[in-house]
Number of protein chains: 2
Amino acid sequence: MHSKPATLGQRNSAAPAAARGKAEAILAAAEQAFLGGGFGAASMDAIARAAGVSKATVYAHFAGKEELFGAVVADQSQRRFGGFSAEALDPGDIARSLLTIAVRFLDLILSPEAIALNRIIIGEVTRFPALGQVFWEAGPARTRVQIETFLRRAAAIGSLDVPDPRLAAEQFLALARGEIHQRCLLRLDVASGPEALHAAAESAVATFLRAFAAQA
Amino acid sequence: MHSKPATLGQRNSAAPAAARGKAEAILAAAEQAFLGGGFGAASMDAIARAAGVSKATVYAHFAGKEELFGAVVADQSQRRFGGFSAEALDPGDIARSLLTIAVRFLDLILSPEAIALNRIIIGEVTRFPALGQVFWEAGPARTRVQIETFLRRAAAIGSLDVPDPRLAAEQFLALARGEIHQRCLLRLDVASGPEALHAAAESAVATFLRAFAAQA
DNA sequence: GTCTATACAGTGATAGAC
DNA sequence: GTCTATCACTGTATAGAC
């Protein structure tokens, strides 16, 4: 997945085993370009230059600017959000576990890279309708399922009183997102520090427990 | 504000009193163009054509594409969100009032025009950092204050038990927004019907009241 | 496959006549 | 102020040599 050992069957003319490397270099350069300034601001010329190849080589690997853009979005979506999990948490210590989830979640969606990705997808989804689906499946849908599963486990052992775990999971995420996510998307909170992140997570957990904590 | 009576002091050469009308026509055409396909996809040529004027006339009224874009965003932001108010509601009938607020709020932010505006601002805020602030002040900030005020009134007469009205207002909006707003931004729910809107509002109110309803 | 060089289309913006 | 015609520039995409 990362890089082949440089010993391959073909070594014809110029760069034998570096073909995969070039494609990766192009993708990496494209990611930086697209995430940095959006679809319109990025130029194929600049991407080729940054990747250390010629423009014609870029077009040899990707059919055009749009396909390259799609490849970047799909790659980033799956790479960013693939690692989120709530399996290892203890449904017994509900407050602590929810706080952990909220912090992880905010840490994920407020990272500059995730914000940039989210921003660019929202901005260009009119031109590329497929991107919304790709992002949703890889990100929010996956995350919601993880939390829903955790809430079901907590409800099963009596830690929580949730009539509708699916809805409760959505609402927990909505509370955690709060307004800080929107503010980051709008570039109003340039650098949301760890303290703001923690405060947002604690507020969300507090209100969620006010609503759904099991009666003692 | 809408249109002058067509009798003005000047009637020199070509279109005497239509100057204001032309500026408005340009702004209207620009709104449609920008909101439809974003900043990059819109061209000054197409805007001029749609407004029924020449490109040079557009540049006579607006310094350039960026200034025209800013004018569109500022105009739309204030026009869309200016009417939101929660003053006339009864803090005694808390469930009903909150539901009304939530429905109004969702109706506002899920309208195709508001979604298009929100989308374009998020997408272009990297290039135009000022837009985020303009939108925030006109929209989310205003709305939150309205609701915070209502919650304070409700808390004063004992309908609610809110330790932090500002935070509670944020959380109420976050619950109402839920995931449907994100889905609309991502173009996954092409047309969120009134029934989905109502359901989202009711879920938000129910959970909010579970957390903050005064004990009977 | 990869490079250099170039054709081509479309854009924002302007000069000058009326 | 308004228009027609045009400029300079940028970015996509390809042709041909290696």
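Just so you know, these numbers use all the heavy atoms, side chains as well, and skip hydrogens, waters and symmetry mates.
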* **Atom pair distance, as rounded to whole Å: NZ in Lys55(A) and P in dA13(D)** => 10 Å
* Asked: Hey, can you pull the residues of residues 35-48 of chain B with a non-hydrogen atom under 4.0 angstrom from DNA chain C?
  -> Ala42(B), Ser43(B), Met44(B), Asp45(B)
Tabulate atom names and distances for all N/O pairs under 3.5 angstrom spanning the protein and nucleotides 15-18 of chain C.
none

* Asked: In chain order, what residues pass the ring pair (Phe, Tyr, Trp, His ring centres under 6.0 Å) check against Phe62(B), with sequence neighbours excluded?
  -> none
* **Nearest-Å distance for atom pair CZ/P, residues Phe62(B) and dG1(D)** => 12 Å
* Asked: Start at the 5' end of DNA chain C and walk down; is the nucleotide closest to Thr57(A) or to Ala63(B) reached first?
  -> Thr57(A)
* Asked: Within the structure, does a side-chain N or O atom of Lys22(A) lie under 4.0 Å from either OP1 or OP2 of dC3(C)?
  -> yes
* **Sidechain N-carboxylate O distance under 4.0 Å for Arg153(B), Glu148(B)** => no
* Asked: Of all residues at least two apart in sequence or in a different chain, which pass the ring pair (Phe, Tyr, Trp, His ring centres under 6.0 Å) check with Phe135(B)?
  -> Phe81(B)
Could you list the donor-acceptor pairs under 3.5 angstrom formed by side chains in residues 82-89 of chain B, with sequence neighbours left out?
residue	atom	partner	partner atom	Å
Ser85(B)	OG	Glu87(B)	N	3.3

* To do: Would you kindly give the NE2-to-C1' distance between His61(A) and dC3(C), to the nearest whole Å?
  => 13 Å
* Whole-Å distance between dA13(C) C1' and Glu66(B) CD? -> 13 Å
* Answer with yes or no whether the side chains of Glu31(B) and Gln76(B) bring together a donor and an acceptor at under 3.5 Å. => yes
* Asked: Sequence neighbours excluded, which residues qualify as side-chain contact (heavy atoms from CB on, under 4.5 Å) partners of Val103(B)?
  -> Leu99(B), Leu197(B), His198(B), Ala201(B)
* Residue Ala60(B), side-chain heavy atoms: nucleotide from dG12(C), dT14(D), dT2(D) that is nearest -> dT2(D)
* Phe34(B): what forms a ring pair (Phe, Tyr, Trp, His ring centres under 6.0 Å) with it, not counting sequence neighbours? -> Phe39(B), Phe69(B)
* To do: For DNA chain C, determine which residues of residues 122-131 of chain B have any heavy atom closer than 4.0 angstrom to one of its atoms, and list them numerically.
  => none
* Asked: Within the structure, does a side-chain N or O atom of Ser54(B) lie under 4.0 Å from either OP1 or OP2 of dT2(D)?
  -> no
* Asked: Can you name the side-chain contact (heavy atoms from CB on, under 4.5 Å) partners of Ala116(A), sequence neighbours left out?
  -> Leu35(A)
Table please: side-chain donor-acceptor pairs of residues 173-187 of chain A below 3.5 Å, with sequence neighbours left out.
residue	atom	partner	partner atom	Å
Arg183(A)	NE	Asp189(A)	OD1	3.0
Arg183(A)	NE	Asp189(A)	OD2	3.3
Arg183(A)	NH2	Asp189(A)	OD1	3.0

* Can you list the residues that meet the ring pair (Phe, Tyr, Trp, His ring centres under 6.0 Å) rule with Phe208(B), with sequence neighbours excluded? -> Phe172(B), Phe212(B)
* Asked: Given atom CZ of Arg49(A) and atom C1' of dG11(D), what is their separation to the nearest angstrom?
  -> 11 Å
* To do: Apply salt bridge (charged side-chain N to carboxylate O under 4.0 Å, His left out) to Lys55(B) and list each qualifying residue two or more places apart in sequence or on a separate chain.
  => Asp45(B)
* Asked: Whole-Å distance between dC3(C) P and Tyr59(A) OH?
  -> 15 Å
